[in-house]
Amino acid sequence: MNLTITEACAQQIFHMMKEEGKENSYLRIGVTGGGCSGLSYRMGFEEEKSDNDLLIEKHQIKILVNKDDAPLLDGVKIDYIQNMMGGGFTIDNPNAIATCGCGSSFRTAKNAGTPEEC
């Protein structure tokens, strides 16, 4: 599985891990049904790896991706952008054939998810 996180993204994740006392945790990146386009991204910290997880290491961050989510996230690039209006994570997914205006939900050619109203 190919997943890219930028240096800016990694620095923000390290900062958040430290703030939350999660320095030894994994970063979980996943997909769930919902959002106006049908699928939504999710990110969070997790203490344990399961047998159904792929382990990827980028910039010394241990990342977990559920094997079922891996095809939807293959080739994804995650960045962290800081500007005068604040900062936030951005996700560029080459598998997405449609995204919502806010960029937090998507659908692929093979998975439409469960769209919700905005």
Side-chain angles (χ1 to χ4, degrees):
M1 180 184 164
N2 183 23
L3 177 79
T4 301
I5 63 171
T6 66
E7 184 65 35
C9 177
Q11 288 176 5
Q12 183 62 25
I13 290 167
F14 279 127
H15 176 73
M16 293 170 75
M17 284 177 152
K18 186 174 182 180
E19 277 189 342
E20 295 182 27
K22 304 277 186 177
E23 291 97 332
N24 296 318
S25 297
Y26 297 98
L27 172 67
R28 170 152 321 265
I29 301 173
V31 175
T32 187
C36 42
S37 293
L39 298 168
S40 293
Y41 300 106
R42 57 187 165 87
M43 289 176 39
F45 300 123
E46 198 156 307
E47 300 299 319
E48 295 182 22
K49 178 184 178 295
S50 79
D51 291 340
N52 203 38
D53 287 330
L54 298 174
L55 176 62
I56 303 159
E57 192 163 335
K58 301 285 182 172
H59 301 283
Q60 299 177 337
I61 296 172
K62 294 176 182 170
I63 303 166
L64 298 178
V65 175
N66 183 288
K67 291 176 184 175
D68 296 334
D69 292 345
L72 300 171
L73 297 172
D74 190 36
V76 160
K77 178 183 177 185
I78 305 173
D79 196 2
Y80 184 82
I81 306 293
Q82 183 74 38
N83 60 33
M84 293 181 72
M85 298 296 288
F89 292 99
T90 63
I91 300 175
D92 179 20
N93 188 341
N95 304 302
I97 62 167
T99 60
C100 67
C102 66
S104 64
S105 77
F106 68 103
R107 74 173 178 260
T108 67
K110 294 181 180 180
N111 193 330
T114 52
E116 302 170 348
E117 287 189 36
C118 291

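Atoms considered below: every heavy atom in the structure, side chains included; atoms not considered: hydrogens, waters and symmetry mates. In this chain, residues are counted from 1 in sequence order. On a predicted model such as this, the values are computed, not experimentally measured, just so you know.
Inspection of the Q11 and H15 side chains reveals no N or O donor paired with an N or O acceptor under 3.5 Å. Side-chain atoms of D74 and N2 include no donor-acceptor pair closer than 3.5 Å. Defined by atom type and a distance below 3.5 Å, a donor-acceptor pair is present between the side-chain atoms of N93 and Y41.
Residues meeting the side-chain hydrogen bond (donor to acceptor under 3.5 Å, both in side chains) test with D92, sequence neighbours left out: none. Listed by chain and number, the residues in a side-chain hydrogen bond (donor to acceptor under 3.5 Å, both in side chains) with T4 amount to none (sequence neighbours excluded).
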Check: Please walk me through it: do L27 and I29 pass side-chain contact (heavy atoms from CB on, under 4.5 Å)?
Finding: CA-CA 6 Å; L27 172 67; I29 301 173; 4.0 Å; yes
Next item on the list: Just do the side-chain contact (heavy atoms from CB on, under 4.5 Å) check on V76 and I91 with the steps written out, would you?
Entry: CA-CA 7 Å; V76 160; I91 300 175; 3.6 Å; yes
Check: Can R28 and E46 be said to form a salt bridge (Lys or Arg N to Asp or Glu O under 4.0 Å), step by step?
Finding: CA-CA 6 Å; R28 170 152 321 265; E46 198 156 307; 2.8 Å; yes
Check: Does the pair I5 and I61 meet the rule for a side-chain contact (heavy atoms from CB on, under 4.5 Å), with working shown?
Finding: CA-CA 10 Å; I5 63 171; I61 296 172; 3.9 Å; yes
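Within 6.0 Å of the CD atom in E23, the count of heavy atoms belonging to other residues, nucleotides or ligands exceeds 12. The neighbour count for K49 NZ, taken as heavy atoms of other residues, nucleotides or ligands under 6.0 Å away, is above 12. For Q60, the CD atom sits in a loose shell: 12 or fewer heavy atoms of surrounding residues, nucleotides or ligands are nearer than 6.0 Å.
Of the residues D68, N66, L73, the one that meets the side-chain contact (heavy atoms from CB on, under 4.5 Å) test with V31 is L73. For the side-chain contact (heavy atoms from CB on, under 4.5 Å) criterion with K58, the lone passing option out of I13, I78, I63 is I63.
Following chains of ILVMFWY side-chain contacts shorter than 4.5 Å, one cannot reach M43 starting from I81, and the two form parts of different hydrophobic clusters. Taken together through direct or relayed side-chain contacts under 4.5 Å among Ile, Leu, Val, Met, Phe, Trp and Tyr, F14 and L64 form parts of separate hydrophobic clusters.
Note on K67 versus D51: no salt bridge recorded, every NZ/NE/NH1/NH2 to OD/OE distance being 4.0 Å or above.
The two residues L54 and A70 come nearest to each other via the heavy atoms CD1-CB, 3.7 Å. When all heavy atoms of G75 and P94 are compared, the closest pair comes out as O-CD, 3.4 Å. Taking all atoms of both residues into account, the shortest heavy-atom contact from S25 to M17 is O-CE, 3.4 Å. Taking all atoms of both residues into account, the shortest heavy-atom contact from F45 to K22 is CD1-CG, 4.1 Å.
Taken to the nearest 0.5 Å, the OH atom of Y26 stands 10.0 Å off from the CD atom of E57.
For the pair L55 and D53, the minimum side-chain heavy-atom distance is 4.5 Å or more. Contact of the Q12 side chain with the F89 side chain is registered, since non-hydrogen atoms from C-beta on lie closer than 4.5 Å.
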